[in-house]
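Here the structure comes first, spelled out in structure tokens, and everything after it is commentary.
If you're wondering where the values come from, they're calculated on a predicted model, not measured in any experiment. Naming convention: chains lettered A, B, ... in sequence-line order (proteins, then strands); numbering from 1 in each chain.
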2 protein chains.
Amino acid sequence: MNDVLGTKREGPGAEKPGRVTIRTVAADAGVSVSAVSKVLRNAYGVSDSLKARVTASIEKLGYRPNASARGMRGRSYTLGVLLSDIRNPFFSEIMAGINTALTDTPYQPLLGVSNSAIGVEQALIDAMIDRQMDGLVFIAPRMDPVAIDAVARKIPSVVIGLHRPTEELFDTVNNDDVTGAEQVVDYLVSQGHSAIAHMSLDLPPDERQAVPFQREKGYLQAMNRHGLARHIRVVYAEHSPKARQKARELLSAPDRPDAVFCWTDACAFESISAAIELGLRVPDDVAIVGYDNSPPCDLAQNSLTSVDQSGRQLGAETARMLMERIEGRTRAEHFVVEPRLVVRGSTRNA
Amino acid sequence: MNDVLGTKREGPGAEKPGRVTIRTVAADAGVSVSAVSKVLRNAYGVSDSLKARVTASIEKLGYRPNASARGMRGRSYTLGVLLSDIRNPFFSEIMAGINTALTDTPYQPLLGVSNSAIGVEQALIDAMIDRQMDGLVFIAPRMDPVAIDAVARKIPSVVIGLHRPTEELFDTVNNDDVTGAEQVVDYLVSQGHSAIAHMSLDLPPDERQAVPFQREKGYLQAMNRHGLARHIRVVYAEHSPKARQKARELLSAPDRPDAVFCWTDACAFESISAAIELGLRVPDDVAIVGYDNSPPCDLAQNSLTSVDQSGRQLGAETARMLMERIEGRTRAEHFVVEPRLVVRGSTRNA
DNA sequence: CGTTCTACGTAAATCGTTCTACATTTTTTA
DNA sequence: TAAAAAATGTAGAACGATTTACGTAGAACG
């Protein structure tokens, strides 16, 4: 009922059975807790002999620092990754790049999935800040850019898929979407197409920095440059199920385009599906192009011509930049990779 | 240089500017820190008036509890989800189910991605334990089942995709893979097929509880039941790129099967690709069946007959079970959902 | 030989919660 | 109306690390 002898810690060296903490290590190595902490953090003022002793004890006891305790004092060594759509196979390439770049660093990436729901996205960010994450990666966020500013003011952030070349609050990582889209149109024109339609994402009109808008911009520029202004036709659709319906409408219209440039692979797969359902041959009746060059492009049933933007590289750069920011860099960096068109059967007969 | 007035906390109510903690709230509401904590945890002994006052202050100040600090004392309200393969679209259905079930609970799921690498998987688990996660979800883990036992002894765990009906240390969530596989074979036989091959995953021979093994078992049972023992043929392949090669070999052999049952959709998509590359028609020359009924099955270019196991439901059940376990349930629960065959064009002409 | 640096260690405060053990009402019961 | 029980609130000790401020040897210096 009352304090039985032994209920409370008995002297500085004692501890609960089974639980290995920094004091267990200190006791085992015969040094102070602070000394162990120094070794853990590679801090200044540690002799080789002390370091060796402590390291041996850590190894022997299988000690692992408690991340919550660390989080209370500063670093949690955890990076939050905000994934707007787990279904997008391109994003998994990015993740692979991030994971690889973080191997052998003390940082651990943990993902939150928002499914493009803005409310969820904000809640997820709050949850990550509550959890003392050291930094945040946004992958193709849907939320209000102003809200991102607010977050970046609180915590080091890198955003993938948002064009803000003069942003100072956070770093950005992108491919050159305008150029990529132009490449697509240039190529289709070179193949003899002229009635080239574009399928984009249904976005609020103020999101000029968003990826779909940039791709649309490249499409429009190139169409105009080729003197195809009268063939310009942009269709807006939401995500997958709706995209197929829109594609069906587009492809069954009397003035059907002879090529469709879809803003993302997923949309292109839906378009191929719609074409097949309508009895159209790809590419003979209609050529189809996607964006991201995600793994399914390579399947023969898709054989989708697409724009490659090297997700792994983007991911790796992102991880590097975020770590730099956490270590203290304050000037923003904006990384842009050049996209590259990969031609496959959806635009050309084998 | 030395302690300037104001450097240290001045009395219990003072705090660093900008940082809203539980004491800020307590000061604002004119109550004790413990009282606020009680309100936060819905603990016993709080009057309505006190609760109202505290809630108002929390709202007004925009206070959010620090998860690290909570983690130090017990709950971190974070659930770790171990995803063995982020590319698998079926897993994203599971995630959607988990997310939905966790909305309006205090728990936040965070994902770790292992890409089926066993070393990474173990490291990820350690990282999650270091971060004081309240519970763990394993989605189709590849690691040694004995290692899972060790983890489950430390932290409440639910495992999806591991058949252990008598396990007491953790809960499991599955569909009945044996039945599902039997349904596939039964259906193919009813459609007149007999030379039905099976593509499975290349696994160490001791993993009897793993999903691919269960599906193979169902395949074998059904084949035998139909008197098709001499047609039994199982091909083992690793993940995607290798699977296509194996499928190509299988389908270009002189004794080519007239139907292929693939252990998972991804494998089936690769098989369709291989068939097309070889100039074979699906389903006329070869019928193909997958497992999981993931979203791409529905695309016309795949039109893949597949076994549905309702990922959303599995995910929701998982979340429920894990929360129960965290709240104290110790008896294991093993949830099994009945699979259901969804017939599409890959086995039947439209 | 006394003084000043370094290099190496340590003690103790601190981070923001939770939660046990009381203290103080208020209500119920006898 | 006194005693017991229930309801409500508080003080303060954890939790496990980091980090500041210092103490103590030697080494280097004049």
For a quick test of reading the model: is some side-chain N or O of [X] closer than 4.0 Å to OP1 or OP2 of [N]?
X	N	result
Ser37(A)	dT18(D)	yes
Tyr44(A)	dC8(C)	no
Arg19(B)	dC15(C)	no
Arg41(A)	dA17(D)	no
Thr21(B)	dG16(C)	no
Ser34(B)	dT10(D)	no
Tyr77(B)	dT18(C)	no
Arg70(B)	dT18(C)	yes

Out of [options], whichever nucleotide has its closest atom nearest the side chain of [X]:
X	options	answer
Ser32(A)	dG9(D), dT17(C), dA11(C)	dA11(C)
Val46(B)	dG9(D), dC15(D), dA17(D)	dG9(D)
Ile22(A)	dA17(D), dT17(C), dC15(D)	dA17(D)
Ser47(A)	dC8(C), dG9(D), dT10(D)	dC8(C)
Arg73(A)	dG9(C), dA14(D), dG16(D)	dG16(D)

Charged N to carboxylate O below 4.0 Å: is that the case for [X] and [Y]?
X	Y	result
Glu327(A)	Arg75(A)	yes
Glu324(B)	Arg331(B)	no
Glu333(B)	Arg320(B)	yes

Distance in Å, Arg64(A) CZ paired with Leu40(A) CG, rounded so as to fall on 0.5 Å steps: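 Answer rounded to 0.5 Å: 11.5 Å.
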Given DNA chain D, 5'-ward residue of the pair Met72(A) and Val33(B), judged by closest heavy atom: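 Nearest nucleotide further toward 5': that of Val33(B).
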Residue whose closest nucleotide on DNA chain D lies nearer the 5' end, Leu40(A) versus Lys38(B):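 With Leu40(A) and Lys38(B) compared, the 5'-side residue is Lys38(B).
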Watson-Crick or G-U wobble partner of dT19(D), both distances under 3.5 Å: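 For dT19(D), the partner nucleotide comes out as dA12(C), under the 3.5 Å rule.
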Residue matched to dG30(D) through Watson-Crick or wobble contacts both under 3.5 angstrom: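 Its partner is dC1(C).
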Side-chain (Gln108(B)) to main-chain (Tyr77(B)) donor-acceptor, under 3.5 angstrom: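 Checking the backbone N and O of Tyr77(B) against the side chain of Gln108(B), no donor-acceptor pair under 3.5 Å is found.
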Output the rounded distance in Å from [atom1] ([X]) to [atom2] ([N]).
X	N	atom1	atom2	answer
Arg53(A)	dC8(C)	CZ	P	13 Å
Asn42(B)	dC19(C)	CG	C1'	16 Å
Arg23(A)	dT18(D)	CZ	C1'	13 Å
Arg64(A)	dC15(D)	CZ	P	21 Å
Gln132(A)	dG16(C)	CD	C1'	9 Å
Lys51(A)	dG9(C)	NZ	P	12 Å
Leu50(B)	dT25(C)	CG	P	16 Å

Atom of Leu61(A), atom of Val25(A) and distance for their closest heavy-atom approach: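 Heavy-atom minimum between the residues: CD1-CA, 3.8 Å.
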